[in-house]
There are 2 protein chains.
Amino acid sequence: MPDKRTYTISDLAKEFGITTRTIRFYEEKGLVTPRREGQKRLFTPADRVRIKLILRGKRIGMTLQECVDFIDMYDPEHNNEEQLHSLINDVKQRRERLLQQKKDIDDMLAGLEEVQGLCEASLARNYESLPNEQD
Amino acid sequence: MPDKRTYTISDLAKEFGITTRTIRFYEEKGLVTPRREGQKRLFTPADRVRIKLILRGKRIGMTLQECVDFIDMYDPEHNNEEQLHSLINDVKQRRERLLQQKKDIDDMLAGLEEVQGLCEASLARNYESLPNEQD
DNA sequence: ACTTCCCTTTACGTAAACGTAAACTTATGC
DNA sequence: GCATAAGTTTACGTTTACGTAAAGGGAAGT
């Protein structure tokens with residue numbers, strides 16, 4: 001039997017550290033499609049995963065639309081050959097961007113190492129030139 | 001002698017594929033500080049580097065303010081011990097975020113591999129089931 | 001002198017991604 | 001029975017990061 005577990009809006013808000021407003025906004029945009037029990041939204045595990053993926057995308061600077069596009073790559077809306085080639089092309093482009101971003105991050109990490117080294121050296125010099133109990 | 005080369009606004013705009021409006025906006029925000037020759041802006045190599053760093057930051061989703069904060073880590077406005085410790089702390093937090101982003105990217109890259117594999121398999125199946133000249 | 005660029009400032013417009021407030025319903029605890 | 005908590009809709013507000021005219025200055029080519 002399929003996973004029938006459901007989540008309320010505040011369940012998900014708490015879990016992901018976002019506001020209910022944010023989740024409603026995502027629904028407005030069609031990013032999630034909870035069903036209703038009366039008025040109240042009932043989210044499925046699939047919705048939960050989509051939110052997770054959206055937040056992951058956002059962490060590396062993707063817009064919501066880009067997040068959706070990315071997620072949609074997984075869904076098999078690609079029946080014919082035309083669409084498959086188009087999808088493969090999208091995948092390639094996306095990968096290029098991700099690799100560039102990874103390079104950017106590595107560069108920045110290297111920069112941070114350097115800064116930290118300078119800081120520690122500077123601190124060490126301070127201690128050196130200051131009197132301490134051993135003097 | 002120091003590098004006296006200068007750049008016009010459109011030099012930099014062209015080089016980085018951004019508009020002059022963007023560069024003026026960055027000046028407005030204090031991200032670059034070109035001197036003037038009459039009315040015209042003259043950018044130094046240092047300005048050029050700052051723009052480069054800003055664009056790098058933006059590629060991984062940093063806000064302009066975060067870009068500035070990041071760049072400022074390199075500048076020695078940190079004289080006393082207090083500031084040095086604070087800076088080291090900032091460096092640590094920033095590194096954590098970068099590592100998380102790197103992980104996100106790796107996950108997404110893995111996802112793309114998967115999608116591409118499925119696409120190619122699907123295409124192969126299509127060719128298999130279609131008649132060709134060899135038949 | 002006239003056009004053509006490239007540069008300038010001022011200023012209103014815009015898309016994205018929510019925040020925030022108001023006004024209301026529904027279930028739960030005491 | 002009434003408050004409290006969690007849910008709802010509607011709608012205007014906000015920040016960021018520029019876009020997009022409007023209106024003009026200054027040098028260079030013909």
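Here is how names work: the chains are called A, B, and so on, in the same order as the sequence lines, proteins then strands, and each is numbered from 1.
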task = If a pair satisfies salt bridge (Lys or Arg N to Asp or Glu O under 4.0 Å) and one of its residues is in residues 35-45 of chain B, list it, with sequence neighbours excluded.
result = B:Glu27-B:Arg36, B:Glu27-B:Arg41
query = Can you list every pair that meets salt bridge (Lys or Arg N to Asp or Glu O under 4.0 Å) and has a residue in residues 82-96 of chain A, with sequence neighbours left out?
reply = A:Arg95-B:Glu113
OP1 or OP2 of [N] versus the side-chain N and O atoms of [X]: is any pair under 4.0 Å?
X: B:Tyr26; N: D:dA17; answer: no
X: A:Thr8; N: D:dA6; answer: no
X: B:Thr20; N: C:dC7; answer: no
X: B:Ser10; N: C:dC7; answer: yes

Residues in side chain to side chain donor-acceptor pair (under 3.5 Å) with [X], at least two apart?
X: A:Gln100; value: A:Asp104
X: A:Lys102; value: B:Asp106
X: A:Arg56; value: none
X: B:Thr6; value: none

task = For B:Arg24, check salt bridge (Lys or Arg N to Asp or Glu O under 4.0 Å) against everything at least two apart and list the hits.
result = none
message = Run the salt bridge (Lys or Arg N to Asp or Glu O under 4.0 Å) test against B:Lys29 and tell me which residues pass, sequence neighbours left out.
response = none
I need the [atom1]-[atom2] distance between [X] and [N], as an integer number of Å.
X: A:Glu28; N: C:dA17; atom1: CD; atom2: P; value: 13 Å
X: B:Ile23; N: C:dC7; atom1: CD1; atom2: C1'; value: 13 Å
X: B:Arg24; N: C:dT10; atom1: CZ; atom2: C1'; value: 12 Å
X: B:Glu27; N: C:dT8; atom1: CD; atom2: C1'; value: 11 Å
X: A:Ile9; N: C:dA27; atom1: CD1; atom2: P; value: 17 Å

inquiry  = Any carboxylate oxygen within less than 4.0 angstrom of a Lys/Arg side-chain nitrogen, looking at A:Glu66 and A:Lys58?
reply    = no
message = Between B:Glu15 and B:Lys52, does any side-chain N to carboxylate O distance fall below 4.0 Å?
response = no
Please answer: with hydrophobic residues joined when any side-chain heavy atoms are less than 4.5 Å apart, are [X] and [Y] in the same cluster?
X: B:Met73; Y: B:Leu31; result: no
X: A:Leu55; Y: A:Val68; result: yes
X: B:Leu118; Y: B:Val115; result: no

query = Counting only non-hydrogen atoms, which of residues 11-18 of chain A are less than 4.0 Å from DNA chain D?
reply = none
ask   = Where along residues 31-42 of chain B does a heavy atom fall under 4.0 Å from DNA chain C?
value = B:Arg36, B:Gln39, B:Lys40, B:Arg41
message = Using a strict heavy-atom distance below 4.0 Å, which residues from residues 48-69 of chain A are in contact with DNA chain C?
response = A:Lys58, A:Thr63, A:Leu64
request  = Examine distances only and state if a side-chain atom of B:Glu120 and a backbone atom of B:Gly117 form a donor-acceptor pair shorter than 3.5 Å.
outcome  = no
Polar-atom pairs under 3.5 Å, protein N or O versus N or O of nucleotides 20-23 of chain C: list them with distances, or write none.
residue: C:dT20; atom: O4; partner: A:Arg21; partner atom: NE; Å: 3.0

task = For the side chain of B:Thr22, starting at C-beta, report the closest nucleotide among C:dT8, D:dG7, D:dC18.
result = D:dC18
